[in-house]
Amino acid sequence: MDFHIAAALRRSLVRAAIGMGMLGAACAPQAQTAAWPAKPIRVVVGFAPGGSTDVMARILSQALSESLGQPVVIDNKPGASGNIAASEVIRAAPDGQTFLIAPTSVETANPSLFKSTLLPSRDLTPVASVGRTQMYLVAKPQMAAKDARDLVALAKAKPGTLSYASAGAGTPPHLACELFKQATGTYITHIPYRGAAPALQDVLSGQADFVCDPGIAFPHIRTGKVKLLGVVSAKRSPFFPDVPTVGEQGFPGANLDVWFGMWAPNGTSPDIVARMNREIGKALSQAGLKSRYGDLGAEPVAMDTAEFRKLLVNEGTLLSGLIKEQKIVVD
């Protein structure tokens with residue numbers, strides 16, 4: 001073979017090999033995404049087992065395990081109103097194997113309440129909303145009050161002697177009760193716990209007078225173990241339609257619904273984020289899941305990622321302004 005022809009052929013083969021290598025490299029992420037998930041997925045929850053965030057995450061994880069073909073495992077990391085769990089996910093590899101489920105307050109309220117370098121709006125990628133609950137003014141069984149008006153009268157008769165439990169400083173139940181205090185002009189002592197379940201437990205035992213509960217008290221309300229004094233929301237609850245809102249009882253402004261969502265570490269493939277969003281939407285449409293959410297006092301509300309981002313921005317503007325205006329601080 002002529003020397004020049006052989007050299008040209010070698011150069012062509014080298015270029016072809018390089019091109020194939022580059023093509024393979026370009027296709028590798030797509031192949032990785034297409035194979036996702038290839039192993040169990042960890043969902044970090046920032047509150048104790050038994051609380052509304054935890055129970056909602058477990059209900060959803062079962063549906064996702066079935067649709068994704070891999071176990072979706074809950075990992076509870078309670079503390080700092082969800083910030084500890086958020087930090088855990090921020091440090092995780094962006095490989096689609098680790099996600100956060102938390103109230104949206106972890107992004108919309110916590111930065112205004114905690115002195116921290118953590119900023120979820122910058123450090124995490126929103127995936128989807130996973131549900132919403134209303135807040136319920138739930139009192140211990142020994143409480144003389146039969147509604148919110150009576151509770152306010154008791155609080156004003158002896159300022160500072162009543163106490164309310166919350167799921168933790170800076171959590172939505174804390175903010176809801178602070179809104180209640182602001183709207184009613186009362187002084188009531190705050191007792192923070194590490195989750196909604198332990199907060200409710202101390203109301204059941206009479207250690208705390210009341211709680212702004214996100215729905216886990218339903219079984220105890222129905223059996224008379226606690227008293228439902230009103231709904232801390234702009235509208236009545238579909239689960240207790242005969243119970244008036246706090247606003248209807250003469251105290252407008254005391255309303256705060258709780259949204260819950262999922263986030264991923266920054267750098268997670270957009271294809272994985274989109275797939276997870278779709279799977280969550282399908283899960284939330286299932287009749288069985290809707291029923292189990294209803295037992296929790298929650299509503300499954302699916303949003304695409306863009307809608308969820310918009311919700312976070314709007315809620316962040318509202319809550320940051322509220323916290324500043326009302327001088328709400330972390331105890």
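These values consider heavy atoms only, across backbone and side chains, with no hydrogens, waters or symmetry-generated copies.
The minimum heavy-atom distance linking P37 with R275 is given by the pair CD-NH1, 4.5 Å. For the residue pair P241 and R236, the shortest heavy atom distance occurs at O-NH1, 3.0 Å. Among all heavy-atom pairs drawn from F239 and A298, the shortest one is CZ-O, 4.0 Å. The two residues A128 and M303 have their closest heavy-atom pair at CB-O, 4.2 Å. Taking each heavy atom of F260 and S52 in turn, the nearest pair found is CZ-OG, 3.9 Å. Pairing each heavy atom of Q134 with each of K235, the nearest pair is NE2-O, 3.0 Å.
No path of Ile, Leu, Val, Met, Phe, Trp and Tyr side chains, each step under 4.5 Å between heavy atoms, connects L60 with L124, placing them in separate hydrophobic clusters. Hydrophobic clustering, with ILVMFWY side chains joined whenever heavy atoms are under 4.5 angstrom apart, groups V231 together with M143. Tracing side-chain contacts under 4.5 Å through hydrophobic residues (I, L, V, M, F, W, Y), one never reaches V55 starting from F47; they form parts of separate clusters. A single hydrophobic cluster is seen to contain both Y293 and Y136, as judged by linkage of ILVMFWY side chains at heavy-atom distances under 4.5 Å, directly or through other members. At a threshold of 4.5 Å between side-chain heavy atoms, the hydrophobic network of Ile, Leu, Val, Met, Phe, Trp and Tyr places V301 and I59 in two separate groups.
Atom-to-atom distance recorded for L312:CG and S105:OG is 10.5 Å, nearest 0.5 angstrom. Rounded to the nearest 0.5 Å, atoms CG (N266) and CG (D123) are 6.5 Å apart. Distance check: T98 OG1 to W263 CH2 gives 16.0 Å after rounding to the nearest 0.5 Å. Annotation: the span from I216 atom CD1 to Q201 atom CD amounts to 9.5 Å, rounded to 0.5 Å. For the atom pair SG of C177 and NE2 of H190, the computed distance is 7.5 Å after rounding to the nearest 0.5 Å.
Within the 3.5 Å criterion, the main-chain N or O of V44 finds no donor-acceptor partner in the side chain of D75. With T171 contributing its side chain and S81 its backbone, the two residues share no donor-acceptor pair below 3.5 Å. The backbone N or O of I41 sits nowhere less than 3.5 Å from a side-chain atom of Q70 that would complete a donor-acceptor pair. A side-chain donor-acceptor contact under 3.5 Å links K181 to the backbone of I188. A donor-acceptor pair under 3.5 Å is formed between the side chain of D54 and the backbone N or O of G50. Side chain of Q249 to main chain of L229: a donor-acceptor pair is present (N/O by atom type, distance under 3.5 Å, no hydrogens or angles).
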> Could you go step by step and tell me if T125 and R309 meet the side chain to side chain contact (heavy atoms under 4.5 Å, CB included) rule?
Replying inline: CA-CA 9 Å; T125 297; R309 286 180 183 272; 4.0 Å; yes
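Counted by atom type alone, E178 and Y164 present one or more donor-acceptor pairs between their side chains at under 3.5 Å.
Salt-bridge check for K282 with E279: passed, with a basic side-chain N closer than 4.0 Å to an acidic carboxylate O.
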